Structures are given as structure tokens and as C-alpha cells.
Visitor: 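Could you have a look at this structure, given as C-alpha cells, before my questions?
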Amino acid sequence: MERILSYVEQNRDRYLAELKEFIAIPSVSTNKEDTTDIRRCAEWVAGHMRTIGLNNVQIFPTPGHPVVYGEWLEAPGKPTVLLYGHYDVQPPEPLELWTSPPFEATIRGENLYARGAADDKGQVFIHLKSIEAYLRNNNALPVNIKLLIEGEEEIGSENLDQFVKDHKDLLKADLVLISDSSMFAKDVPSICYGLRGLSYMQIDLVGPNKDLHSGSFGGTVHNPIQALTEIVAQLHDKNGKVTIPGFYNDVRKLSAKERAAFKKLPWSDKKYARELGVKQLYGEKGFSSLERVWARPTLECNGIWGGFTGEGAKTVLPSKASAKISMRLVPDQKSSRAAKLFEKHIRKIAPKTVSITVRNLHGGEAAITPIDSPGVKAAVAALQKGFGKKPLYQREGGSIPIVVQFKELLGLDTVLLGFGLPDENSHAPDEFINLGNFFGGIRTSIHFFNELPGYMNGHRKK
Ligand code: BES
Ligand code: MN
Ligand code: MN
């Protein structure tokens with residue numbers, strides 16, 4: 001172990017230089033026309049897997065962006081870890097808000113700034129470097145490992161379900177390990193055991209059949225922007241509850257025990273509001289901030305557009321208006337059901353003055369993972385060794401829909417071992433990974449592989 005850990009120390013600079021190379025490939029998955037960079041990134045990942053000593057490395061094409069697979073299976077009788085992550089990233093725009101260019105990883109202070117630094121290239125790289133350290137110094141890992149690194153996570157993993165269904169044998173394992181979430185706070189390592197689901201909708205309204213002069217026509221037709229904002233404004237009541245009938249029907253109640261556990265976490269609403277620059281927090285009445293984000297369903301308008309938004313003034317009564325609205329869901333809500341309830345409600349409250357289209361763009365299910373599993377026990381021990389602190393248990397508000405699919409299709413529980421930070425600016429300008437977390441993550445990964453067999457004894461699937 002000592003040799004493996006000190007190898008990491010000795011190779012810090014090279015590890016960071018390689019991460020910079022990985023990050024430099026702008027693998028933005030929303031860009032479906034020009035997939036050159038996505039493919040280049042998949043190849044880079046595959047090449048790196050081969051360099052560090054993984055076997056059977058393959059790039060699987062899908063109807064969308066390719067999946068990269070690699071394995072090391074030379075530990076007979078030992079558990080097999082299926083490591084999932086994604087090499088695709090969110091678009092970097094608006095570029096002018098970045099302090100340094102998004103695809104030129106730049107170290108400032110104790111952070112490395114770049115798109116994908118934390119979500120998820122940096123966290124995937126943590127495990128690649130841990131595997132390298134084992135294979136270079138020990139010629140072997142204490143476990144078998146299969147890596148599944150996809151390129152469509154940020155656009156809803158459209159083709160991953162089918163890929164998993166088609167490759168059940170290839171992906172056979174004892175548990176899934178994912179590093180694609182955050183620690184509770186800096187120097188506060190945590191195990192995540194819950195993620196929210198998602199249902200992402202778009203509403204398009206059409207009023208008059210063309211843009212109109214607002215002076216000549218204003219007052220006679222319902223402006224679609226007004227109609228749309230009237231609809232959106234009705235989706236929450238004065239207590240911050242979502243007004244869609246039946247929306248809360250399937251919501252699993254927070255147990256008294258879990259509420260008490262959340263209350264014990266080191267949290268300050270005041271500090272949170274200050275950091276976000278809001279004058280006051282907002283949310284569903286009767287629940288704390290952590291409860292609202294982690295365990296309550298919510299509805300957000302992600303974007304709304306229509307009419308004239310350029311410089312200056314243009315007196316127009318627009319023909320169209322649209323909005324993108326997402327619902328974050330919790331167990332036991334189903335994303336398809338939330339989408340249906342949404343559409344039904346929107347149609348019911350939409351005025352007769354406009355025509356309306358409601359579309360379901362994508363969705364995924366919420367997950368709760370067991371916290372008494374051998375994988376989680378190994379992760380607790382590993383975090384303790386990697387960060388010198390006992391981790392706490394938390395949930396997250398974000399979504400990784402494949403977690404539920406791994407359970408359903410492969411029967412596997414997931415360990416969510418996040419090394420990001422809550423203020424890491426993922427999906428936003430100046431995304432970063434903390435260097436202490438990056439190297440602490442590598443140490444933790446090394447310890448995790450080392451601890452796992454001991455905890456798995458007697459828990460293996462046949
Ligand atoms: N890494 C995130 C998921 C995440 C975010 C986990 C915050 C924990 C905390 C992932 O890359 C992501 O952004 N997921 C999308 C899912 C969607 C596109 C289906 C999300 O949560 O919006
Ligand atoms: Mn991610
Ligand atoms: Mn993301």
C-alpha cells in the first residue's frame with residue numbers, strides 16, 4: 001500500500017498534466033451534428049485505459065455517442081466492481097463569464113478550473129489514476145474491475161439502457177461504483193445514498209399566426225408570453241408547493257429518523273443564502289433546505305423565451321412563446337407519471353386563446369441506495385483513510401438515472417463516492433475540482449479497492 005500511495009505523490013504533476021489533456025477535448029454531448037470531439041474524447045479515454053494496463057478496451061458505438069469499456073479481471077475469487085462515469089460535459093457557455101478558458105484547465109489557489117473538472121472527467125480520472133498506481137507498483141489490483149464510461153450522461157443517457165440490456169454478461173459485477181457527486185463540504189467527506197429523478201418538459205404556445213404590431217393589435221389578442229407566464233405562475237402556490245394535482249401522491253415520506261439525521265448535519269441557512277447571494281431562501285413550507293433539495297420533489301422553469309429580446313425596444317406582440325420546465329422527483333414517484341400529470345394540468349389551465357404543445361424531453365428515476373451494504377462499509381473505511389475523517393451520510397438533489405437501471409437490469413447496488421464540492425460550479429462558468437479532493441479521491445479509491453474484498457466476504461452473489 002505504501003508504495004502505491006507514494007507513487008501517487010511522486011506523480012502528482014504528471015497526473016495533473018494528463019487530466020489537463022483529457023479536459024482539453026471539448027466533449028460537449030449536446031452537440032449532435034459535429035461529433036468529432038466526442039469521438040476524439042472516447043478514443044482518448046480508451047487509449048488511456050490501455051496505457052494504464054486495462055484489458056479488452058473497446059469503444060462501443062451507439063445510435064448516439066460511444067461508450068468506452070475496459071476491464072482488469074485477473075483477481076479470481078475477488079469481487080468485481082463496475083465503475084461507471086461519463087466523459088461528456090455540459091456546454092461551456094456563456095464563455096465571457098469564465099475567468100480562464102473552459103477547456104484549458106487552470107490551477108488557481110487550490111482548485112483546478114475547467115469544464116468537466118468535477119463533472120465528471122476529474123472524478124473518472126481519480127479512479128484511472130488509482131488503477132494505474134496499483135498496476136504499476138503491484139502488477140495487480142485487489143479486485144476485478146470493469147469500467148463503463150459513457151458519452152451521453154448530460155443529455156439523459158439516451159442509449160445507455162439499451163447498451164446495458166445488450167451487454168448484461170459483459171457488465172456482470174458485484175456492485176457499481178460511481179464518483180459523479182459531491183462531498184457534503186470541503187474537508188467533510190460523505191457517502192451519498194439518494195439521488196432525485198427527473199422529468200424534463202417543454203411547453204410551446206402559439207397565439208396569432210404571425211408577429212403583430214403591438215399598437216395596432218395589442219388589446220385584442222392574448223399575448224402568448226403573457227399566457228405562458230400566467231401558466232408558469234400558477235404552478236406553485238403561496239406555500240411553495242407544486243399545484244399539479246396528484247404530484248405528491250407517490251412521494252415517499254421522510255422518516256422521523258432521517259429528518260433527525262439531516263438536522264444533525266453541519267448546515268447553516270444563513271451561510272447558504274449568503275453564498276448564493278439571495279436575500280432570502282424560498283421553498284416548500286414545512287421542510288428544511290436539505291429536505292427540500294434531497295427528499296422533496298420540486299419544479300423549476302429552466303428557461304423561457306419569446307418575442308423581442310435584442311438591444312433597444314421593438315413594439316411587437318409575438319406569435320409564440322416557450323418554456324422548458326423540469327421536475328425533480330423523489331422515491332416513489334415515476335418520471336413518466338409526473339410527465340403525464342404535468343401535461344394534463346397544463347392543458348387544463350391553458351387559456352382557450354392560444355394553442356399549446358407539451359413535450360416530454362427526457363426523464364429518469366430517483367434512487368435510494370442501501371447504506372448498510374458491504375460496498376458502503378468499504379467506502380466508509382476508505383474515506384476515513386483517504387481524508388483522515390469519518391464520512392457522513394447525505395442525499396443529493398441531482399440525478400444519475402442509470403443508478404436505478406443498474407439495479408433493475410443487472411441487480412446491482414451502487415456506491416456513490418463523490419469528490420466534488422457543493423460550490424464546484426458544475427454546469428456553470430468556473431467549474432472546478434479541489435486539488436485536495438482530487439488527490440484525496442485517488443487515495444480513497446486505492447483504499448476502497450483494498451478494503452472491499454474483506455467487506456464482501458460472504459456477501460458475494462453466485
Ligand atoms: N453529476 C451530475 C449528477 C449530480 C448532480 C449528482 C449533483 C449529484 C449532485 C450529472 O452529470 C448530471 O448533471 N445529471 C443530470 C441528469 C440529467 C441530464 C438526466 C442532472 O442532474 O441534471
Ligand atoms: Mn455528472
Ligand atoms: Mn452533469
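Predicted, not measured: the structure shown is a model, and the values here were computed from it. FYI, side chains are in, hydrogens and waters are out, and symmetry mates aren't considered; it's all heavy atoms of this structure. Counting convention: from 1, in listed order, for ligands and their atoms alike.
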Visitor: Of the backbone atoms (N, CA, C, O) and the side-chain heavy atoms from C-beta on, which set of Gln90 has a member under 4.0 Å from an atom of ligand 1: side chain, backbone, both, or neither?
Guide: neither
Visitor: Just by modelled atom types, is the Asp119 backbone N or O under 3.5 Å from a matching donor or acceptor in the His427 side chain?
Guide: no
Visitor: Show the atoms of ligand 1 that are less than 4.0 angstrom away from any heavy atom in Leu198.
Guide: 17 (C), 19 (C)
Visitor: In this structure, which one of Arg39, Lys121, Arg40 forms a side-chain hydrogen bond (donor to acceptor under 3.5 Å, both in side chains) with Ser27?
Guide: Lys121
Visitor: Can you tell me the protein heavy atom closest to atom 4 (C) of ligand 1 and the distance?
Guide: Asp180 O, 3.8 Å
Visitor: Could you list which atoms of ligand 1 come closer than 4.0 Å to a heavy atom of Arg328?
Guide: 20 (C), 21 (O), 22 (O)
Visitor: Kindly check if the number of other-residue, nucleotide or ligand heavy atoms within 6.0 Å of NZ (Lys20) is above 12?
Guide: yes
Visitor: Nearest protein heavy-atom contact for atom 14 (N) of ligand 1: which residue, which atom, what distance?
Guide: Ser399 O, 3.0 Å
Visitor: Just checking, Lys129 and Tyr15: is the charged tip under 6.0 Å from the six-membered ring centre and within 45° of the axis?
Guide: yes
Visitor: Is the shortest side-chain N to carboxylate O distance from Glu258 to Arg252 below 4.0 Å?
Guide: no
Visitor: Between Phe432 and Tyr113, how do the two ring planes meet: parallel, tilted or perpendicular, split at 30° and 60°?
Guide: tilted
Visitor: At less than 4.0 angstrom from any non-hydrogen atom of His86, what atoms of ligand 1 do you find?
Guide: 11 (O)
Visitor: Give me the number of protein N, O or S atoms whose distance to the Mn ion (ligand 3) is under 2.8 Å.
Guide: 4
Visitor: Is the closest heavy-atom distance from Arg196 to ligand 1 below 4.0 Å?
Guide: no
Visitor: Pick from Trp294, Phe184, Phe287: which one makes a ring-ring contact (aromatic ring centres under 6.0 Å, His included) with Phe262?
Guide: Trp294
Visitor: So for Asp120, does at least one of its heavy atoms come nearer than 4.0 angstrom to any atom of ligand 1?
Guide: no
Visitor: Please state which protein non-hydrogen atom is closest to atom 7 (C) of ligand 1 and give its distance, to 0.1 Å?
Guide: Gly398 CA, 3.8 Å
Visitor: For the residue pair Gln384 / Lys390, report whether a side-chain donor-acceptor contact shorter than 3.5 Å exists.
Guide: no
Visitor: Mind checking whether Asp119 contacts ligand 1 via backbone (N, CA, C, O), side chain (CB onward), both or neither, at a 4.0 Å heavy-atom cut-off?
Guide: side chain
Visitor: Suppose we measure from atom 9 (C) of ligand 1 to each protein heavy atom; which comes out shortest, and what is that distance?
Guide: Glu396 OE1, 3.2 Å
Visitor: Going by atom types only, do Gln394 and Ser190 share a side-chain donor-acceptor pair under 3.5 Å?
Guide: yes
Visitor: Going by the ring-ring contact (aromatic ring centres under 6.0 Å, His included) test, which pairs reach into residues 141-179, not counting sequence neighbours?
Guide: Phe60-Phe163, Phe60-His167, Phe163-His167
Visitor: Is the distance between the ring centroids of Phe125 and His48 less than 6.0 Å?
Guide: yes
Visitor: With heavy atoms only and a cut-off of under 4.0 Å, state how Glu153 meets ligand 1: side chain, backbone, both or neither.
Guide: both
